[in-house]
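Heavy atoms only: backbone and side chains are in, while hydrogens, waters and symmetry mates are out.
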Number of protein chains: 2
Amino acid sequence: MNTIDQRIISCLVANARSSYADIGKVVGLSAPAVKRRVDRLLETGVLRGFTAVVDPEALGWGTEAFVEVHCQGNIAPARIRARLEPLPEVVAAYTVSGAADAIVHLRAADIHHLETALERLRGLEIIDRTVSTVVLSRLLERPPTPDRNPE
Amino acid sequence: MNTIDQRIISCLVANARSSYADIGKVVGLSAPAVKRRVDRLLETGVLRGFTAVVDPEALGWGTEAFVEVHCQGNIAPARIRARLEPLPEVVAAYTVSGAADAIVHLRAADIHHLETALERLRGLEIIDRTVSTVVLSRLLERPPTPDRNPE
DNA sequence: CCTGAAATCCATCATTT
DNA sequence: AAATGATGGATTTCAGG
């Protein structure tokens with residue numbers, strides 16, 4: 001992992017379908033050299049894969065919410081994960097500091113669908129209480145760029 | 001936008017670098033037909049683009065937080081967005097219902113970096129008060145799949 | 001709106017420095 | 001580790017149904 005790898009990652013974050021030759025032009029390497037590095041980054045897990053960015057609105061997933069989840073007693077993160085994973089509306093979940101045990105990011109088709117998703121979430125045995133915050137508008141959403149400079 | 005488009009999107013979400021020929025085999029179309037549909041989906045904005053999924057840990061961005069932002073008086077979402085956009089640690093931001101005006105998703109290299117990012121955030125004139133929740137572990141994080149069924 | 005063919009370009013491997 | 005050159009496969013354009 002060095003500067004060249006980071007620049008390759010930047011290229012792929014910007015456009016995952018760009019050719020190795022094009023990336024090579026940017027970073028100053030030949031196509032096979034770029035491929036070897038990308039393979040290695042995938043191998044080591046720095047790159048998890050490549051995905052399409054879709055507009056949730058266009059697909060009918062325009063409603064979302066953040067839900068603070070409070071569990072009963074002490075529960076292992078893995079157990080929370082296991083319960084959340086089958087729910088298709090859960091797009092992300094994190095254990096957190098503070099009063100809540102986890103924050104769950106939900107995406108649904110509309111308010112009604114969000115409500116049913118919330119009901120299912122609250123129906124999980126491990127969950128004691130939830131506090132939900134409905135998203136009114138997406139202000140900003142961007143991929144984590146590898147070249148941001150701490151400080 | 002029909003079922004075939006959705007299945008093409010599913011393929012690209014699963015792997016943005018798969019070839020048009022491979023997608024065609026899955027959805028029962030020739031490679032040129034797939035390409036034209038993908039071009040149209042990009043054109044109409046249903047597909048925003050293609051990106052690499054990177055492991056934040058591996059890049060040294062292992063610390064994150066969700067911050068409730070409370071603003072002074074009534075502030076247009078666009079103004080909030082304009083203030084947040086220059087901060088590189090802000091990976092997402094939403095206006096929300098409830099007491100807070102916005103939720104900001106921060107990603108930083110470590111706790112110290114997170115602290116400085118928070119200070120910068122709290123230094124914005126429009127911001128009155130913040131409540132931050134530090135992420136302890138990522139339980140789940142997945143792309144929005146286009147084929148989840150409401151209900 | 002699709003298929004099928006043709007030209008170009010790319011990915012990928014073996015070889016060389 | 002990277003450049004180079006060869007080849008098999010992909011992308012992309014175009015003609016035609």
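- Each of C:dT12, D:dA3, D:dT12 was ranked by its minimum atom distance to the side chain of A:Leu29; first place goes to D:dA3.
- The CG atom of A:Asp22 sits 10 Å away from the C1' atom of C:dC10 (whole-angstrom rounding).
- Look at CZ on B:Phe50: it is 11 Å from P on D:dT11, rounded to the nearest Å.
- Computed from coordinates, the A:Lys35 NZ to D:dG5 P distance equals 21 Å when rounded to whole Å.
- One finds a salt bridge joining B:Arg138 and B:Glu57 here, because a Lys/Arg side-chain nitrogen approaches an Asp/Glu carboxylate oxygen to under 4.0 Å.
- Of the candidates D:dT13, C:dC2, D:dT4, C:dC2 carries the atom nearest the B:Ala33 side chain, counting heavy atoms from C-beta on.
- Distance CD1 (B:Ile23) to P (C:dC2): 14 Å, rounded to an integer number of Å.
- Between A:Phe66 and B:Phe66, the distance separating the two ring centers is shorter than 6.0 angstrom.
- Across the protein-nucleic acid pair, B:Arg17 atom CZ and D:dG9 atom P stand 19 Å apart, rounded to whole Å.
- Here D:dT11 is the nucleotide among C:dT12, D:dT11, C:dA5 with the atom lying nearest to any side-chain atom of B:Tyr20.
- Here D:dA3 presents its C1' atom at 14 Å from CD1 of A:Ile4, a figure rounded to the nearest Å.
- Comparing C:dA11, D:dT12, C:dC2 against the side chain of B:Ala31 picks out D:dT12 as the nearest.
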Given B:Leu140 and B:Arg142, is the side chain to side chain contact (heavy atoms under 4.5 Å, CB included) satisfied, shown in steps? CA-CA 7 Å; B:Leu140 204 59; B:Arg142 55 186 172 200; 4.2 Å; yes
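- Annotation for A:Val96 and B:Val135: closest pair CG1-CA, 4.2 Å, computed over non-hydrogen atoms.
- Here the side chain of B:Arg37 is nearest to one of C:dT3, C:dA11, C:dC2, namely C:dC2.
- Comparing D:dT12, D:dT4, C:dC10 by their nearest atom to the side chain of A:Ser19 picks out C:dC10.
- Between B:Arg36 and D:dT12 there is no side-chain polar atom (N or O) within less than 4.0 angstrom of OP1 or OP2.
- Distances were taken from every side-chain heavy atom of A:Ser30 (C-beta onward) to each of D:dT12, C:dA11, D:dA3; the shortest belongs to D:dA3.
- Rounded to the nearest 0.5 angstrom, B:Leu121 CG and B:Leu84 CG are separated by 6.5 Å.
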